[in-house]
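See structure below.
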2 protein chains.
Amino acid sequence: MDTLSRAGLSGAAVNELREEILEGRLNQGERLSEVSLSTTLGVSRAPIREALLHLEQEGLVVSLPYKGASVVSLSPQDFLELSTLRIALEKLAWARAMERITPEAIADLNAIIGEMEFAVKSDLKAKLVRLDLDFHERVFIMADHSRLYTAWTAIKWQVALFLLARRKKVDDYHNIIVEEHAELIQAILNRHDPDFERLIELHIGSGYGRLNSAGAGSPAEHPAAEHPAAGSPAASVSSAPAAR
Amino acid sequence: MDTLSRAGLSGAAVNELREEILEGRLNQGERLSEVSLSTTLGVSRAPIREALLHLEQEGLVVSLPYKGASVVSLSPQDFLELSTLRIALEKLAWARAMERITPEAIADLNAIIGEMEFAVKSDLKAKLVRLDLDFHERVFIMADHSRLYTAWTAIKWQVALFLLARRKKVDDYHNIIVEEHAELIQAILNRHDPDFERLIELHIGSGYGRLNSAGAGSPAEHPAAEHPAAGSPAASVSSAPAAR
DNA sequence: AATCTGCAGACTGTCGACAATCTACTGAAT
DNA sequence: ATTCAGTAGATTGTCGACAGTCTGCAGATT
């Protein structure tokens, strides 16, 4: 469906493991032993190690030296991080995509919206998440910015986990997905819409609001600072340095 | 000096190779054979492969399946990508850092500026680049956002290459570095300065302008689209998908 | 002369085994 | 009972060797 990324076995292991994580067959926080994975997937440890490194880069796996890897477990704090970073990346992506848009690209996006409408009618919830991701993926591709695309792939599958979690918790996804993405296409067409950045903040930030304070209306632009002092150890997901 | 990132040998190889690339002992575009590296550094191929993967993630190395790795060769197009993405990331970083700033952090930043002044007086050009990076590094750490920090590390050392290249080509670096960073600290202090985003665009984008059109004044916000149609193959640096 | 096929060399991808490290349990000392 | 050192097991980090793939050249064919 997307990046076959690397060569042979390690790439196959990446796709297989990613699918199992997104599908939920591998639970969040579950330990990923290299030997058991190598026997399960029928390859040696070398490609498994490489695959785990790649998945760690995608944020689906966390690993510590001599302690091994586990499936990531995303906290509300992590979802907030994803939301804020994604807004920053998509603002740049849309700005560039607007400059590079072609009629065929517009048609492709509209085709995805068409599939969304069908998926909504047929009640294919999982498919909706795929289409949502696919829609934004195309925008990042249109932006024609290799490093921006790399940054997107570093959070893309975590965003997928976020969307899947949201779908389970609050069920208004199908009510808004078609309309919101249609609005985004409109923003592309009126090229110099000065409010498109606000539109993106709403599109992404509101999803965060809907997940956390289920039902609360205001999306909240920067939903309050969470204790800048007295840093809670909190076992953060990534290798971020402590903020003093 | 900074992230000891991974365990033992692979981490050491990463630091060693990164230093050699930044130092210029490994030329841009030079092929990096795994066996020769392993004999040179005195370790087996396994940690070398892991180190090359890490350096590829940092954008200092590019590699193709069955074709091996080479030191990245940054084009003006790449510098433009770095500039635009970095602006997007730093806007978010500064916004969050402003909310979390502490007196000690301000003191640390001012201490760096003090070192910059000393380095300018002593004509330590390479040291200036390090201090510049260190300054921004601290801002990203203050932002307390693990994924944003990861995105920063994915371009940080390419930015280092950019700064080093700029230093060689145009020599007004020492004339502005102290003043510009002092302005940025001022922006933090007047917390809700509405123009801090513009200030960041200037600080980063102007450096790009100085490198490319050496001497041309206008930083240029989005320096024109470079042929969205008729994609030139152009051997782009990263694994970015072709824009249709 | 130009093009294609086949081979040789070098290189990366993968494998199985050994070394270094962590974890959890056992058992003695206080 | 609690604490701490020691040890056994399991797991990751590293190594050297084999297998698969690419690249360039030699020779044959048209």
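Convention: sequence-line order gives letters A, B, ...; per-chain numbering from 1.
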Lys/Arg-Asp/Glu bridge criterion (N-O < 4.0 Å) met for A:K156, A:E137: yes
Separation of atom CD in A:E34 from atom C1' in C:dT14, rounded to whole Å: 15 Å
Verify whether one side chain among A:T84 and B:H145 offers a donor that lies under 3.5 Å from an acceptor in the other. yes
Under the side-chain contact (heavy atoms from CB on, under 4.5 Å) test, residues paired with A:A151 that sit two or more places apart: A:L89
Hey, could you give me the CD/CD distance between A:E20 and A:E23, rounded to the nearest 0.5 Å? 9.0 Å
For B:L52 and C:dG13, give me the distance from atom CG to atom C1', rounded to whole Å. 14 Å
Which pairs count as salt bridge (charged side-chain N to carboxylate O under 4.0 Å, His left out) when at least one residue sits in residues 37-46 of chain B, sequence neighbours excluded? B:E34-B:R45
Are B:F79 and B:F162 an aromatic pair by the rule of ring centers under 6.0 Å? yes
A:L53 atom CG is separated from D:dT12 atom P, nearest whole Å, by 13 Å
Check the phosphate of C:dT12 against B:R49, side-chain N and O only, distance under 4.0 Å to OP1 or OP2. Yes or no? no
Quick one: is A:K67 getting a side-chain N or O under 4.0 Å of the C:dT23 phosphate, OP1 or OP2? yes
Distance, rounded to the nearest Å, where A:I48 contributes CD1 and D:dT11 contributes C1': 15 Å
Rounded to whole Å, the CZ-P distance (B:R31 to C:dT12) equals 6 Å
Just the atom pairs and distances: protein N or O near nucleotides 15-21 of chain C's N or O, under 3.5 Å.
residue, atom, partner, partner atom, Å
C:dC15, OP2, A:S44, N, 2.7
C:dC15, OP2, A:S44, OG, 3.3

